[in-house]
Number of protein chains: 2
Amino acid sequence: MPQIKIIMAPKSKDASTEERIKEAARTVFTQKGYSATRTRDIAEEAGINLALLNYYFRSKEKLFELVMAEKVGKLFGVIAPIVNNQNTSLDEKVTLIADAYITMLTQNPGLPLFVLSEIRNNPEHFGNKMQAGKLLTESYFVKQLIEKRPDIHPLHFIINVLSMCIFPFIAKPVLESAGVMSANQLNDFTEERKTFIVKWFKAMIDS
Amino acid sequence: MPQIKIIMAPKSKDASTEERIKEAARTVFTQKGYSATRTRDIAEEAGINLALLNYYFRSKEKLFELVMAEKVGKLFGVIAPIVNNQNTSLDEKVTLIADAYITMLTQNPGLPLFVLSEIRNNPEHFGNKMQAGKLLTESYFVKQLIEKRPDIHPLHFIINVLSMCIFPFIAKPVLESAGVMSANQLNDFTEERKTFIVKWFKAMIDS
DNA sequence: ATTAAAATTAATCATTTGATTAAATCTTTT
DNA sequence: AAAAGATTTAATCAAATGATTAATTTTAAT
């Protein structure tokens, strides 16, 4: 029978089951990606019966899209308010971006690799199109970059700043697996970069 | 019955079927990752019967490990001879790295995201451990970096150079999907960076 | 040409996996 | 307390999937 059930106001009560599933989904999806994740993995991680996953979220894909939207939002939400601010200088923006990004990624180290590889596998999952695109092409940050260096495409500098912030987290599995750095050392390393990146950015844009 | 078949010398003849399967595997695995790849996808891409895949390669996993080893080799093989060369200066090394990496990645744009996300999912796939680790900690390049800037951990500069080369390719699916750049524009963009990155590296290390 | 080995195919297996169902338990309302 | 609704569970389904088998065709050797 089709979907004509009476929708009750969501019982604001405990909500713990639904949230536990979502949290488990965040963990497992981020760790293994969409395809390698079994709904049973999520159920086990959440400590619930498998059928509850479909009871609350209809399907694996629906649940994934929920998590994915969250993660994409987190990945771009960090810079959006910074790059559109008309009251901060170029250097201040880079300081804020490096600080905000590295802080957030330290707590969500798997985030970039997860989002980027899922978008590769399934670009439609990336509903954010215009939003994210405009940050990279029409923000006040871009305007300031062009003003300072009209001879170089602003995306070069944006990519440089983002790559220097994000890349260590993308390379994390390799650095750890190859025995180059422990997780703790990597934390110190990226923390150091918060100040370095600004210095390097200044040197690059003035060169 | 166990594996006691007589192994004949491989018929050096055509070899086309085996190679076609391997080539199809390269394509599909790189595009979709291990978990999302169906052996039937590979068989179809290669235009062969599914059973032949197992006839030649025993299993999906064996075939994958073959492809993975190749790809890891390609990703690290590019820099190995450059960073260990005792007859080139620091700046020359960066020039060579940027050129070699961007050239190779232009022809294998999906390579970094593939290797990095598979290593995340299954670190054991990364048999390269010591080899790759030493490149990042014991190469002549590292020695030169320490000599020039003993006050800053050399890995900062290594990560900076690598990130500026590789990151645009990792971000490629987002840049295209978000409408920021077409594939062609991205090619021009990364080509430009071959010279820029050296200039930026000099500015950074002297700052 | 005959024979043996190698390559290829269609059919099939066993497991995994996302999803559903029907019954049971818990909660809320009356 | 009884009824109704919401939540949870065990059992099961159907499709997908990696792999195998047994037969057939092709290739190579004698």
Side-chain angles (χ1 to χ4, degrees), chain A residues 1-25 27-29 31-68 118 121-122 125, chain B residues 1-25 27-29 31-68 118 121-122 125:
Chain A
M1 100 197 66
Q3 216 20 32
I4 319 184
K5 287 187 182 160
I6 292 147
I7 293 164
M8 316 290 293
K11 311 215 311 185
S12 56
K13 199 199 58 158
D14 198 0
S16 96
T17 300
E18 186 168 347
E19 186 48 44
R20 271 168 71 202
I21 298 174
K22 220 191 286 184
E23 183 57 27
T27 304
V28 183
F29 277 137
Q31 221 163 68
K32 324 213 292 179
Y34 178 79
S35 287
T37 295
R38 313 290 155 226
T39 51
R40 283 163 175 82
D41 300 339
I42 298 175
E44 189 182 9
E45 172 81 18
I48 53 108
N49 186 289
L50 169 60
L52 278 182
L53 189 150
N54 297 288
Y55 177 76
Y56 281 106
F57 299 98
R58 299 297 298 170
S59 72
K60 177 189 179 185
E61 198 171 348
K62 286 257 175 46
L63 178 54
F64 176 78
E65 269 159 22
L66 222 66
V67 172
M68 182 68 175
E118 293 302 333
N121 289 350
N122 209 336
H125 280 148
Chain B
M1 97 197 68
Q3 212 28 28
I4 319 186
K5 287 184 183 162
I6 292 147
I7 294 164
M8 316 288 293
K11 310 215 308 182
S12 58
K13 200 200 57 161
D14 198 2
S16 97
T17 301
E18 187 168 348
E19 186 49 43
R20 271 167 73 201
I21 297 174
K22 222 191 285 185
E23 183 57 27
T27 304
V28 183
F29 277 138
Q31 220 163 66
K32 324 214 292 180
Y34 178 79
S35 287
T37 295
R38 312 293 154 222
T39 52
R40 284 164 174 82
D41 300 339
I42 298 175
E44 190 183 7
E45 172 81 20
I48 52 108
N49 186 289
L50 169 59
L52 278 183
L53 189 151
N54 297 287
Y55 177 75
Y56 281 106
F57 299 98
R58 300 294 299 167
S59 72
K60 177 188 180 184
E61 198 172 348
K62 288 256 175 43
L63 178 54
F64 176 79
E65 269 159 22
L66 223 66
V67 172
M68 182 68 176
E118 293 303 333
N121 289 351
N122 209 336
H125 280 148

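We name chains A, B, ... by the order of the sequence lines, and we start the count at 1 in each one.
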* Asked: Starting at the 5' end of DNA chain D and moving along, which residue's nearest nucleotide shows up first, B:Asn54 or A:Leu50?
  -> A:Leu50

* First of A:Ala51 and B:Thr37 reached from the 5' end of DNA chain D, by closest nucleotide -> A:Ala51

Given atom [atom1] of [X] and atom [atom2] of [N], what is their separation to the nearest angstrom?
X       : N      : atom1 : atom2 : value
B:Glu44 : C:dT9  : CD    : P     : 14 Å
B:Ile42 : D:dG18 : CD1   : P     : 8 Å
B:Phe57 : C:dT8  : CZ    : P     : 12 Å
B:Lys62 : D:dA19 : NZ    : P     : 9 Å
A:Phe29 : C:dG18 : CZ    : C1'   : 11 Å
A:Leu52 : D:dT7  : CG    : P     : 10 Å
A:Phe64 : C:dT17 : CZ    : P     : 17 Å
A:Ile21 : D:dT9  : CD1   : C1'   : 13 Å

Measure the shortest side-chain to side-chain distance between [X] and [Y] over non-hydrogen atoms and say whether it is less than 4.5 angstrom.
X        : Y       : answer
A:Ile42  : A:Leu50 : no
B:Glu118 : B:Phe64 : yes
B:Tyr34  : B:Lys60 : yes
A:Val28  : A:Lys32 : yes
A:Gln31  : A:Thr37 : no

Among [options], the nucleotide that comes nearest once only the side chain of [X] is considered:
X       : options               : value
A:Tyr55 : D:dT8, C:dT9, C:dT8   : D:dT8
A:Lys60 : D:dA10, C:dA19, D:dA6 : C:dA19
B:Thr17 : D:dT7, C:dT8, C:dG18  : C:dT8

* Asked: A:Tyr56 near the nucleic acid: base, sugar-phosphate alone, or nothing, with a heavy-atom cut-off under 4.0 Å?
  -> sugar-phosphate

* Would one find a side-chain N or O of A:Thr39 under 4.0 angstrom from OP1 or OP2 of C:dT17? -> no

* Is the phosphate of D:dA16, meaning OP1 or OP2, less than 4.0 Å from a side-chain N or O of B:Arg38? -> no

